[in-house]
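So you know, we letter chains A, B, ... as the sequences are listed, proteins then strands, and number each from 1.
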Protein chains: 2
Amino acid sequence: MPNQKPKKRMAADERKDQIVKVAMTLFARNGFRGTTTREIARQAGISEAVIFKYFSKKEGLYNAIIDARCNDTQGQDRLIGAMKGKHGREVFVGIASFIISEHRNDPSFMRLLTFSALEKHDLSEIFIKRKGLELIEFMEGHIKGLIREGIFKDLDPAIAARAFMGMVLHYCISQELYRMKRYFKRPDSVVIDTFVDIFFDGMRRR
Amino acid sequence: MPNQKPKKRMAADERKDQIVKVAMTLFARNGFRGTTTREIARQAGISEAVIFKYFSKKEGLYNAIIDARCNDTQGQDRLIGAMKGKHGREVFVGIASFIISEHRNDPSFMRLLTFSALEKHDLSEIFIKRKGLELIEFMEGHIKGLIREGIFKDLDPAIAARAFMGMVLHYCISQELYRMKRYFKRPDSVVIDTFVDIFFDGMRRR
DNA sequence: AAGGATTGAAAGCAGGTGCTTACTTGCAGT
DNA sequence: ACTGCAAGTAAGCACCTGCTTTCAATCCTT
C-alpha cells in the first residue's frame, strides 16, 4: 500500500526522510539486493528519479540508514540511565528486558542487521561496534565489580557477558527470524527470570 | 576459480551433485537472489543450459540442497551416540563441543541457513525443525532427568535448554557472521568450559 | 563401425533493474 | 501577478537474469 498521506510536494529534507524510512522497511523485508528502487518509489508514492536526485546511488540509501540508526544516542543512554539505581541481579533483568523489548517493538531492525551482515554492508559492522560492544562492555564492567566484591566466581567477564547476551539475543532471533514463536510460547517475563536465575546463580560463589 | 578437474563429460548424477555443491557454496556466500545461474555455471565449468536440463527452475537447486542437508542422519546420530556414555556435566560439554566444531568445520552452512530464513525459503524451516528441535528435545530430556534426580533446580526445561543453546549458537554466529573473532579470541575449549560452568552451576540445587 | 541416446555448448529472448535525460509543475518572494 | 527555482514526472538506455531453443560432440550398445 502506498504511503498514508499522498502529499503532492514535499520539502527536500522531509522527502529524504520519507524515502529512507521506506527503504529501511523494504531492505529489512527483502534485503538490499532484493529491493528495487522502483519498489521504493512506488511505496513512497513518487517516481524513481526523485530517489536518485537525493541519493546518487542505491548504496547511498544504506549509508543514510546507517546515519539514522547508528548516530542516535537515545537508546543506549536510556538503558544505562535506567540501570543507574539497580544492583546485582536487577541489572541483568534490566538488560534482558531492554533487549527483548527493543526487538519486540521493531523486529524488522534485526532482519535489517542480519541482511547487512550477510550481504557484507557496513551497517551491521558499525551498529554492532558502536551499540553492541558498548552494551557488552557495560555488562563486563558490572560483572567485574561483582567478582571484586566476592559475589561472583572468578570467571572471565568477557566470556560471561557473552554467555548472557547469547541467551537473550538468540531467544529474540529464534523467535522472530526462525519464527519459533509458533512452537515456543512463554511469557517474556518468565523467560527473562529463568535466564537471569540460571546466569546469576551460575556466576555466584557457592 | 572454476572447478578443480575440468572433466569434459560427466554422468548425469555426478553432474547434478557437482552443480548442487557449487550452488550451495554460492547461495551461502551471496544468497539465493544474489546468485545468478550464470555464475553457478561458470564455477562448475559448464554452460547454463546444463543446469536447466537437470533443474527445471532455479528454485529446484534449493530443494536439492534441502534433500542433501536435511535427510542425512549421520550428524545427529553421531552426536547422540557419543553422548551415550556421558553423565551430568559432560553431556553439556559434549553438546557444546559438537555444535561449535560443526560450525568451525563448515561456517558457510550457517550463512546458508540464515539467508534461507531471511529470504523465506524452506531450508531453514525444515532443517531447524528436523535437526535443531531434535537436539533441543534431547537436551530437555536430559535436563528433566537431572531435575528428577534432584540435582537440578525445578526450572522449565524448555527454557533452560534454549538458554544453553543460545549461549553456544550465538557464540558461533557472532564469531562467523558478525566476524567477532577479530575482536574476541579465546580458545574454544575455555569458552565451552565457562559456558558449562555457568549453566550447570546455575541449574544446580544449592 | 553404425546408430541411437545422452551430454553439452552457443545464442538469444522477454522481462527486470540501476540510473539518466529532458521536460513539466507548483511554490515563494518580490 | 510575475518569475526563478526547487520538486516532480515520463520515457528510455544499457546491462543483467532466468530460462529456452537449436544444434553439435561424445558415449554405449550391438
Colleague: Listed in order of residue number, which residues of residues 50-61 of chain B have a non-hydrogen atom at under 4.0 Å from DNA chain C?
Modeller: B/Val50, B/Lys53, B/Tyr54

Colleague: Could you tell me how far apart A/Asp13 (CG) and D/dA7 (C1') are, to the nearest whole angstrom?
Modeller: 13 Å

Colleague: What nitrogen or oxygen pairs link the protein and nucleotides 21-30 of chain C at under 3.5 Å?
Modeller:
from: C/dT25; atom 1: O2; to: A/Arg9; atom 2: NH1; distance (Å): 3.1

Colleague: Please determine if A/Arg111 and A/Glu176 form a salt bridge, counting it only when a charged side-chain N lies under 4.0 Å from a carboxylate O.
Modeller: no

Colleague: Heavy atoms within less than 4.0 Å of DNA chain D: which residues of residues 30-38 of chain A have one? Give them sorted by number.
Modeller: A/Arg38

Colleague: Here's one to test your reading of the geometry: is the NZ or CZ of B/Arg69 within 45 degrees of the ring axis of B/Phe109 and under 6.0 Å from its centre?
Modeller: yes

Colleague: Test B/Gln43 against B/Glu39 for side chain to side chain donor-acceptor pair (under 3.5 Å), laying out the working first.
Modeller: CA-CA 6 Å; B/Gln43 296 265 346; B/Glu39 178 67 9; 3.1 Å; yes

Colleague: First locate atom CZ of A/Phe152, then atom CD1 of A/Ile147, and finally report the distance between them rounded to the nearest 0.5 Å.
Modeller: 8.0 Å

Colleague: Are A/Phe199 and B/Phe199, when compared by the centres of their aromatic rings, separated by less than 6.0 Å?
Modeller: no

Colleague: Is there a donor-acceptor pair closer than 3.5 Å between any side-chain N or O of B/His103 and the backbone N or O of B/Ile99?
Modeller: yes

Colleague: Are B/Phe164 and B/Phe92 close enough that their ring centers fall under 6.0 Å?
Modeller: yes

Colleague: For the pair made of CZ in A/Arg42 and P in D/dG8, what is the distance, rounded to whole Å?
Modeller: 18 Å

Colleague: For B/Lys16, look at atom NZ and say whether over 12 heavy atoms of other residues, nucleotides or ligands are found less than 6.0 Å away.
Modeller: no

Colleague: Between atom CD1 in B/Ile46 and atom P in D/dA24, what is the gap in whole Å?
Modeller: 21 Å

Colleague: Does A/Arg15 make a cation-pi contact with A/Tyr54 (under 6.0 Å, within 45 degrees of the axis)?
Modeller: no

Colleague: Report the distance from atom CG of B/Leu26 to atom C1' of D/dT17, rounded to the nearest whole Å.
Modeller: 15 Å

Colleague: Is a donor on one side and an acceptor on the other found under 3.5 Å between the side chain of A/Arg33 and the backbone of B/Asn30?
Modeller: yes

Colleague: Just by distance, do the side chain of A/Lys58 and the backbone of A/Phe32 share a donor-acceptor pair under 3.5 Å?
Modeller: yes

Colleague: CD1 of B/Ile40 versus C1' of D/dC16: gap in Å, rounded?
Modeller: 15 Å

Colleague: Could you state the atom-to-atom distance from CD of B/Glu48 to C1' of C/dT7 in whole Å?
Modeller: 17 Å

